[in-house]
Amino acid sequence: MSSKDKTWKEISIAGVCPKSSESFKTGDWKTYMPILDTEKCIVCLTCVMLCPDGTINWIPDTNKISFDYTFCKGCGICANECPAKALTMKIDNTEG
């Protein structure tokens, strides 16, 4: 990012960013974050398919789910739609 580029925090409300969201770590928008209970998870991939930000990934080699919290906005769709109730939304206590 060059010195003249703005972060997402500096763009006006309803402004359009001239670059892909991959350039901006938008995960600090979230208040809540999804936490996976691996004992309950049936790896149905519902959360992977429904995540609007593509922050939930399936790792085929291990048949496990991983989260990229740098882009997760904490919308809760994954937790609401999980048929096994393996995801819960917790307050995000991480900084930055």
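The residues of the chain are indexed from 1 along the displayed sequence.
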With heavy-atom distances below 4.5 Å as the criterion, would you say the side chains of F67 and C72 are in contact? no
Please set out all donor-acceptor pairs under 3.5 angstrom arising from side-chain atoms of residues 39-62, sequence neighbours excluded.
residue, atom, partner, partner atom, Å
D53, OD1, K73, NZ, 3.0
W58, NE1, N63, OD1, 2.8
T62, OG1, I59, O, 3.4

In this structure, would Y69 and I65 fall into the same cluster of hydrophobic residues linked by side-chain contacts under 4.5 Å? yes
Interatomic spacing from SG in C75 to CE in M33 - rounded to 0.5 Å: 13.5 Å
Pair up each side-chain donor or acceptor in residues 81-90 with any protein partner under 3.5 Å, not counting sequence neighbours, and list the distances.
none

